[in-house]
Amino acid sequence: MNGKAQSNLFSDETIRADSALESERLADGEVFIVKQGQLVKLAIDKDDTRSKFRVSADTAALAIEFQKKLRKLLRGHKPDINLVIEGLVLAGLNSGEAEEVTLDFCRSVFEKK
C-alpha cells in the first residue's frame with residue numbers, strides 16, 4: 001500500500017504517530033496513545049490483575065443486555081460496560097447472599113466438568 005492510499009485510510013493523528021514511530025526507537029510490548037499529535041507511553045502495572053478477569057460469552061451477553069436496559073432508564077446515556085459490571089458485583093456483594101450464591105454457582109460449574 002503506498003503512502004497516498006494510506007493517508008486516505010487514517011486520520012492525521014495516525015499519520016503523525018506513524019512519523020513519530022519512524023523517528024523513535026520503540027520496544028516491543030510498550031503501549032502508546034496519541035495526545036495532541038504526540039506519542040505518550042502508557043504506564044502499565046504488571047501486578048494489576050484487573051485485565052485478567054474473564055467471563056463466559058453468555059455472561060457477557062447478559063451484562064450487555066443489562067447495559068441496554070440501563071441506557072433506557074438513563075434516558076439514552078450509555079453506561080460503560082465496566083461500570084455496569086462493577087455495579088453488579090457491588091450489589092451482589094452487598095446483598096448478604098454473596099457467599100451462598102457464589103458457592104452454589106461454583107459448585108454447579110465444577111459438577112459440569
- What's the verdict on side-chain contact (heavy atoms from CB on, under 4.5 Å) for V34 and V40, showing C-alpha distance, side-chain angles and the deciding distance? CA-CA 6 Å; V34 177; V40 178; over 6 Å; no
- Task: State which residue, out of V89, L90, N82, L88, fulfils the side-chain contact (heavy atoms from CB on, under 4.5 Å) condition with E86.
- Result: L90
- Message: Tell me whether R71 contacts the main-chain N or O of G76 through its side chain, where contact means a donor paired with an acceptor under 3.5 Å.
- Response: yes
- Item | Reported CD1-to-CD1 distance for the pair I81 and I85, which is rounded to 0.5 angstrom | 4.5 Å
- Candidate list D104, T102, V109, test side-chain contact (heavy atoms from CB on, under 4.5 Å), partner C106, passing option: T102
- Which value, rounded to the nearest 0.5 Å, describes the distance between L103 atom CG and R107 atom CZ? 5.0 Å
- Item | Minimum-distance pair of heavy atoms, taken over all atoms of A98 and L93 | CB-CA, 3.8 Å
- Between Q67 and D80, is there a donor-acceptor pair closer than 3.5 Å when you use the side chain of the first and the backbone of the second? no
- Query: Which atom names give the shortest non-hydrogen contact between A63 and V84, and what distance separates them?
  - Reply: O-CG1, 4.2 Å
